[in-house]
Amino acid sequence: MSESPAHRHFIQQIVDADLADGRRSEVVTRFPPEPNGYLHIGHAKSICLNFGLALEFKGRCHLRMDDTNPTKEEVEYVDSIKEDVRWLGFDWGGHYYQASDYFDRMHADAIRLIQLGKAYVCFLTQDQIREFHGDEKRPGRPSPTRDASVGENLMAFERMTRGEFDEGKAVLRAKIDMASPNMHMRDPVIYRIRKAHHHNTGDKWRVYPMYDYAHPLEDAYEGVTHSICTLEFEVHRPFYDWLLRTLDTPVKPQQIEFARLNLTYTVMSKRRLLELVQEGRVAGWDDPRMPTISGMRRRGYTPAALRRFCETVGVTKNNSLSDVALLEHAVRDDLNRTSSRFMAVLDPVRLVIENYPEGQVEELQAVNNPEDPSAGTRKVPFSRTLLIERADFLEQAEKKFFRLTPGQEVRLRWGYFVKCTGCRKDAAGKVTEVTCVYDPSTRGGDAPDGRKVKGTIHWVSEAHAGEVEARLYDRLFAHEDLNDIPEGKDWRDLLNPESLRKVRARVEPALLAVGPGTRVQFERNGYFCADAKDSKPGAPVFNRTVTLKDSWAKQAPKA
RNA sequence: AGACCCGUGGUGUAAUGGUAGCACAGGAGAUUUUGGUUCUCCUUGUCGGGGUUCGAAUCCCUGCGGGUCUACCA
């Protein structure tokens, strides 16, 4: 990074201090998603943070499925999470865990808690619990069974565990302080009854631990030293510490909170992403418009770009909204160095070279990547009838227009200088064909007499060009800050109706051969990625990853 | 209304009592066989008010603004 080279974010500083004063002798972190959805770019930030810390301090980072709620979790999600973490470039080694693998141990600890007089079974209904809870101004009231004996609680919890009660009829609660200003300390529920099938433990359990209870224990069982989570868990920390202290676990991990990532023009909550998928507003979790890791992968974003972006946004406790331009810059920066160039015409119009011999075909040599000589060259067929972008011709243009307009000379990329002679139009006045003459001495794109042209345009030979589907993606939402919805609007109203435009593009022959997942640049158009799902051998489908920066579009009159 | 957290250019982030810097975005120019890339330059900031100090973005007080919390979700 170009920030001050010695900069260490606040979590690194905490770890530095812990190691320096001997409070810790190693660094163990974890990335603990609940497998109830696909990972998104916000998770990528957490993954980079946790695995990054482990790498930096030569510790380890566990991948752990936080699967304590059987009604919301699925193996499909487990598999996608593993794939995404790996794709991002991180390795959990042998340290893959599941919260559900600890259910026995957690249950035993719950019994221990009861024996310590620190937990009790409560038979209040959900509504009653809420009512007894009190609020900011009023302390809560004790549950009728709050002071039941250890024996009674042990028995009641045993009956809960055996499935003798229906869902909702009883819960196990920690016994802390019904008057605490922190609501999470007012005897939080730590076990509830769920008669549901769990994707890992099957039908073994009828009681399942709550997040607040399970998470600190998972961390402690695994020897996690630094348990990093997002800001909204700040108020949960007192309970996290209370539980470890009360149970006196051998390892006492430290919970540290940082600000979650927010991005302009998109949503980041799993709930909303799930709704987009379920309501069919996108094609799936991996729709290239989604901020999911799988969506971005399909769109053509690289792991390096995502990692770089996460570095750029940093780690702080500030609530912030990162400009998606930061992400796009990281992507362009990476793709500019690594992707091969090709010529593809997204909105074709015919260009006829009047003085080029009918039937003649030449193979012109094109450079694959000007940023990388080792990428080599390729041959591109050239002939009398070409296709160019419709926007590269203007019958009447101002002086700043460097492309084709009657009387003006431009270079055909890797081809010849051509001078525009005019155009033909249909009855409606639409241009059907642009005409020009070429200078045979400029083959390859340089004039022997040293004359210059201001513009270079891309092209394909009509007779040789392939035709492919290109999907032009734009931002999913037309609204910048999705955490700030205008009065009277639903967030769905803010979807960008033009987030996807499909076109039939005409492409140079070499482009037909690229395999699924290949990232390329369409010269002067943008970076594209052959869709991993819909591409067929010889018939790739291209997703536009991001456009090229376009300083002409900014000042040009709208086409 | 309480408790807790957070306020640095348009955006993100440094400076940890001692020159407010970097990246993105925006603007101008140069280079260029992509109006891309690269290079140069420029615009824009410490939320307000007090205090401590030789010196405050940094420490204290206060006001303001934003966020979080009152699930048998995580």
Side-chain angles (χ1 to χ4, degrees), chain A residues 1-4 6-7 9-10 13 32-34 36 66-69 71-73 122 124-126 129-130 133-138 140 167-173 180-184 186 188-194 208 210-212 214-215 229-238 257 259 264 270-271 312-330 332-333 336-337 341 343 366-367 370-371 400-403 411-415 417 444-446 452-458 483 521-526 547-556:
Chain A
M1 290 275 342
S2 35
E3 279 154 17
S4 95
H7 171 240
H9 61 66
F10 82 101
Q13 292 182 38
E34 181 187 17
N36 67 345
D66 214 354
D67 53 357
T68 56
N69 185 353
T71 62
K72 291 169 68 179
E73 296 147 10
C122 173
L124 257 22
T125 65
Q126 214 167 137
I129 287 181
R130 200 180 353 263
H133 218 247
D135 56 37
E136 301 81 15
K137 298 182 275 277
R138 271 169 259 281
E167 283 189 20
K169 295 299 182 196
V171 292
L172 183 68
R173 298 175 69 176
S180 171
N182 184 340
M183 296 296 165
H184 296 274
R186 318 249 267 221
V189 171
I190 60 177
Y191 262 92
R192 81 293 215 180
I193 298 166
R194 276 278 186 286
Y208 289 90
M210 298 285 291
Y211 167 89
D212 271 343
H215 208 89
C229 60
T230 45
L231 245 29
E232 64 271 26
F233 291 100
E234 214 151 17
V235 286
H236 297 238
R237 192 182 345 127
E257 311 86 12
T264 54
K270 271 192 194 171
R271 197 202 87 226
T312 302
V313 296
V315 180
T316 69
K317 298 183 77 162
N318 304 347
N319 296 305
S320 60
L321 177 64
S322 295
D323 193 334
V324 70
L326 252 30
L327 212 209
E328 293 174 343
H329 174 263
R332 288 193 186 101
D333 192 50
N336 174 50
R337 285 192 300 267
R341 274 64 169 168
M343 293 196 284
V367 171
E371 305 296 315
K400 300 264 280 187
F401 186 76
F402 302 150
R403 287 111 98 146
R411 172 168 39 235
L412 294 175
R413 183 81 154 151
W414 311 120
F417 282 15
D446 281 308
K452 303 287 184 193
V453 289
K454 301 278 278 193
T456 299
I457 66 174
H458 61 279
N483 288 321
Q521 183 193 103
F522 287 2
E523 292 215 47
R524 302 209 302 138
N525 270 316
T547 60
L548 255 29
K549 278 176 69 177
D550 189 349
S551 54
W552 166 243
K554 283 176 195 163
Q555 49 173 306

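Because the structure is predicted, anything quoted here is derived from the model rather than measured. Residue numbers start from 1 in every chain, and the chains themselves are labelled A, B, ... in the order their sequence lines are given, proteins ahead of strands.
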Just checking [X]: base, sugar-phosphate only, or nothing, at a heavy-atom cut-off of under 4.0 Å?
X: A:Lys400; answer: base
X: A:Phe401; answer: base
X: A:Thr264; answer: nothing

Nearest whole Å is fine: how far is [N] [atom2] from [X] [atom1]?
X: A:Leu326; N: B:A14; atom1: CG; atom2: P; answer: 13 Å
X: A:Asn483; N: B:G65; atom1: CG; atom2: P; answer: 20 Å
X: A:Asp550; N: B:A25; atom1: CG; atom2: P; answer: 14 Å
X: A:Glu328; N: B:G12; atom1: CD; atom2: C1'; answer: 15 Å
X: A:Asp333; N: B:G36; atom1: CG; atom2: P; answer: 15 Å
X: A:His7; N: B:G12; atom1: NE2; atom2: C1'; answer: 12 Å
X: A:Arg186; N: B:G2; atom1: CZ; atom2: P; answer: 15 Å
X: A:Ile457; N: B:G36; atom1: CD1; atom2: P; answer: 16 Å

With both distances under 3.5 angstrom, what nucleotide forms a Watson-Crick or G-U wobble pair with [N]?
N: B:G55; value: none
N: B:C69; value: B:G2
N: B:U38; value: B:A30

Q. A:His236 vs A:His184 aromatic rings, parallel, tilted or perpendicular, using cut-offs 30° and 60°?
A. tilted

(Q) Quick check against the 3.5 Å criterion: does A:Asp67 have a side-chain atom that pairs as donor or acceptor with the backbone of A:Glu34? (A) no

Q) Is it true that a side-chain atom of A:Arg194 and a backbone atom of A:Tyr208 form a donor plus acceptor pair closer than 3.5 Å? A) no

Q) Can a side chain N or O of A:Lys554 be found less than 4.0 Å away from OP1 or OP2 on B:G27? A) yes

Q.
If the cut-off is 4.0 Å, is A:Thr312 near the phosphate of B:G12, judged by side-chain N/O to OP1 or OP2?
A. no

Q. Nearest nucleotide by nearest heavy atom, which residue falls closer to the 5' end of RNA chain B, A:Arg413 or A:Gly314?
A. A:Gly314

Q: Assign each of A:Arg332 and A:Gly455 to its nearest nucleotide of RNA chain B by heavy atoms, then name whichever residue's nucleotide is nearer the 5' end.
A: A:Arg332

Considering only atom [atom1], compute the distance from [N] to [M] and round it to an integer number of Å.
N: B:G21; M: B:C61; atom1: P; value: 30 Å
N: B:U58; M: B:A71; atom1: P; value: 38 Å
N: B:C41; M: B:U8; atom1: P; value: 28 Å

Q) Salt-bridged, A:Lys554 to A:Asp550, with N to O below 4.0 Å? A) no

Q. Would you call A:Lys317 and A:Glu234 a salt bridge, using N to O less than 4.0 angstrom?
A. yes

Q: List the steps, then state whether side chain to side chain contact (heavy atoms under 4.5 Å, CB included) holds for A:Ile190 with A:Asp212.
A: CA-CA 7 Å; A:Ile190 60 177; A:Asp212 271 343; 5.9 Å; no

Q | Test item: side-chain donor near acceptor, A:Thr71 and A:Asn69, under 3.5 Å | A | yes

Q. Taking atom types as modelled, is there a side-chain donor on A:His458 or A:Arg413 under 3.5 Å from an acceptor on the other?
A. no

Q) Side-chain donor or acceptor of A:Arg337 under 3.5 Å from a matching atom on the base of B:U37? A) no

Q | Sequence-aligned protein contact record of nucleotides 5-10 of chain B, with B where the base is within under 4.0 Å of a protein heavy atom and S where only the sugar-phosphate is | A | SSS---

(Q) Counting primed atoms plus P, OP1 and OP2 as sugar-phosphate and everything else as base, spell out the protein contacts along nucleotides 69-74 of chain B at 4.0 Å heavy-atom distance: B, S or - for each nucleotide, 5' to 3'. (A) SBSBBB

Q.
Looking only at the side chain of A:Arg403 (C-beta and beyond, no hydrogens), which of the listed nucleotides B:G35, B:A14, B:C24 gets closest?
A. B:G35

